[in-house]
Amino acid sequence: MLSRLALAGAVLASGGASTASALETYAIVGDAIPAPLGRLVGNAARGEVLVKDRERGNCLICHQGADPSEPFQGNIGPPLTGVGARLDAGQIRLRLVDASLVNPQTVMPPYFRTENLHDVALPYRGKPALSAQEIEDVVSYLATLKTF
Amino acid sequence: MERDSSKGSALRWIPGLRFAAPGMTWFLSAIVVLVLPLASPALAEIKSGSDFLSPELRRQQADETRNPAFFWVEQGRELFSRKPAGEGQACIACHADPQQSLRGTATQYPQVDAGTGKLLNLEGRIEQCRVERQKQPAFGHETPELLSLTAYLASLSRGLPMQVKTDGAATPYYEAGKAFFERRQGQLNLSCQQCHDGLVGQKLRGDTISHGAGTGYPAYRLEWNDVGSLHRRLRACSLGVRATQFDYGAPEYLALELYLADRAKGLPVETPGMRR
């Protein structure tokens, strides 16, 4: 099993700003992106749908979600149950936007990044895997998962 | 994830085989298989794809009467002796007693063609014989004929260890394949290595990730309801990480195939395999 994020050793430029060409900009503070992308308001119900959806988020390909009745859940990343207790919204946001900022070797895909990717299939080229609104929806949902 | 749009047409020529809808999502199979939890293997030790199958699927693979891919092997055996239209000769006219003369051949592919210096896989060699020696039009990738002949020839090496050459003229191809394997790619930014070295034995949806040895191909995949080539499997992995899908027989996948075959050195050929 992969180890959890090594937060203690995370080296992030405090207050560093990151700009992706067409994407909403965001500021990193510590190991978090405290402010919602584009000041958008997330919707937890839509976020739950995205997490399960096999075309959009497809998070359960790697993670176990909160619903044990969902068939075929992966065990590559940590379970998502309780993630809202382990991490605050800003920390979750950063891990969705680009988990490689915390762990350069991470297997967790960058969901809000278009740069420094290779051989991206044409339909996806230049686009982030999730839009700013979708990221906020998923953050809202994950933040509600406080119990194990 | 996305659909494996790679191929949906082949093999209506064996009636009754296409019993379920094609085009299911990448990792979803209608068949529920019980997969035993596997311990993470030692890093350097590469295991065959069969070691990651459910016991039931492994039994089915081994049973010639229950592994559908043996239909393709049979068709291939038949095609091998069939004289093509016109002047051309049957394969067997040049390759008498294939059980003996072509035993072990598949263990040495891909290999550099002495004439052209190009890397050829088994499919490529068959097509070369077809065009240059039989004077017939090429079958084309993923045609029932090419899949059958490939499955038949590979089946003649069943149980024999893979032993491709990676030195001399093969070196640049090997290096290119290795670099491809190790490079992160696609919108999901994953390398082959991250899954097929780092995550072996773990669950990606319903699949247990193997070393990606590929020694069972052409294989019958339940998700395809069909036999497909190794390159079709590679296209599915590329699509899975939302990376460019190269053409069947493309130089990128040929080089990758050589690298995979070298990683699988010593593992027995298992064609025709069965996979989820």
Side-chain angles (χ1 to χ4, degrees), chain A residues 1-3 20 23 50-65 69-79 95-131 134, chain B residues 1-6 24-35 37-40 179-180 182-209 223 235-246 250 252-253 256 276:
Chain A
M1 191 62 210
L2 278 172
S3 60
L23 302 181
L50 280 167
V51 164
K52 290 186 182 174
D53 185 294
R54 285 173 187 261
E55 307 286 331
R56 290 304 291 157
N58 201 14
C59 312
L60 304 186
I61 196 174
C62 289
H63 291 276
Q64 282 184 293
S69 72
E70 174 79 18
F72 296 133
Q73 306 188 37
N75 66 1
I76 285 163
R95 283 153 185 77
L96 285 176
V97 163
D98 189 354
S100 75
L101 294 168
V102 182
N103 171 12
Q105 267 77 52
T106 195
V107 166
M108 167 84 183
Y111 282 91
F112 196 69
R113 176 175 133 194
T114 52
E115 287 170 345
N116 216 348
L117 301 174
H118 306 282
D119 279 340
V120 178
L122 209 51
Y124 302 100
R125 211 169 287 168
K127 298 173 195 149
L130 294 176
S131 69
E134 288 172 323
Chain B
M1 240 170 239
E2 311 56 57
R3 283 165 204 297
D4 174 8
S5 56
S6 38
M24 284 180 282
T25 44
W26 188 34
F27 299 105
L28 175 65
S29 167
I31 315 289
V32 178
V33 284
L34 293 168
V35 184
L38 289 151
S40 274
F180 192 120
E182 292 171 356
R183 182 168 71 235
R184 282 181 182 258
Q185 50 190 294
Q187 192 189 41
L188 301 187
N189 200 34
L190 290 164
S191 68
C192 314
Q193 184 168 43
Q194 280 179 295
C195 282
H196 292 293
D197 257 353
L199 298 175
V200 172
Q202 286 180 237
K203 285 286 197 190
L204 197 70
R205 281 281 187 192
D207 276 323
T208 307
I209 301 180
E223 189 180 306
R235 284 170 59 87
C237 281
S238 294
L239 189 67
V241 297
R242 303 182 180 172
T244 307
Q245 289 180 291
F246 294 97
E252 289 85 355
Y253 283 159
L256 200 48
R276 273 184 99 226

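Contact check for Phe246(B) versus Asp119(A): side-chain heavy atoms found under the 4.5 Å cut-off. At a threshold of 4.5 Å between non-hydrogen side-chain atoms, the residues Thr244(B) and Arg125(A) count as touching. Here the side chains of Gln185(B) and Leu117(A) are not in contact, with every heavy-atom distance at 4.5 Å or above.
Listed for the Arg205(B) side chain is no donor-acceptor partner under 3.5 Å among the backbone atoms of Gln73(A). When atom types are taken as modelled, the side chain of Gln187(B) and the backbone of Lys127(A) share a donor-acceptor pair closer than 3.5 angstrom.
Note that CG of Leu188(B) is 9.0 Å distant from SG of Cys62(A), once rounded to the nearest 0.5 Å. From His118(A), atom NE2 reaches atom CZ of Arg184(B) across 9.5 Å, with rounding to the nearest 0.5 Å. With rounding to the nearest 0.5 angstrom, the CG atom of Leu122(A) is 11.5 Å from the CD atom of Gln245(B). The CG atom of Asn116(A) sits 8.0 Å away from atom CG of Asn189(B), with the distance rounded to the nearest 0.5 Å.
Annotation: cation-pi pair Arg242(B)/Tyr111(A) absent, no NZ/CZ under 6.0 Å from the ring centroid and within 45° of its normal.
For chain B, the nearby part of Pro71(A) is the backbone; its heavy atoms alone come within less than 4.5 Å.
Contact record, Ala121(A) with Ala243(B): CB-O, 3.5 Å, taken as the closest heavy-atom pair.
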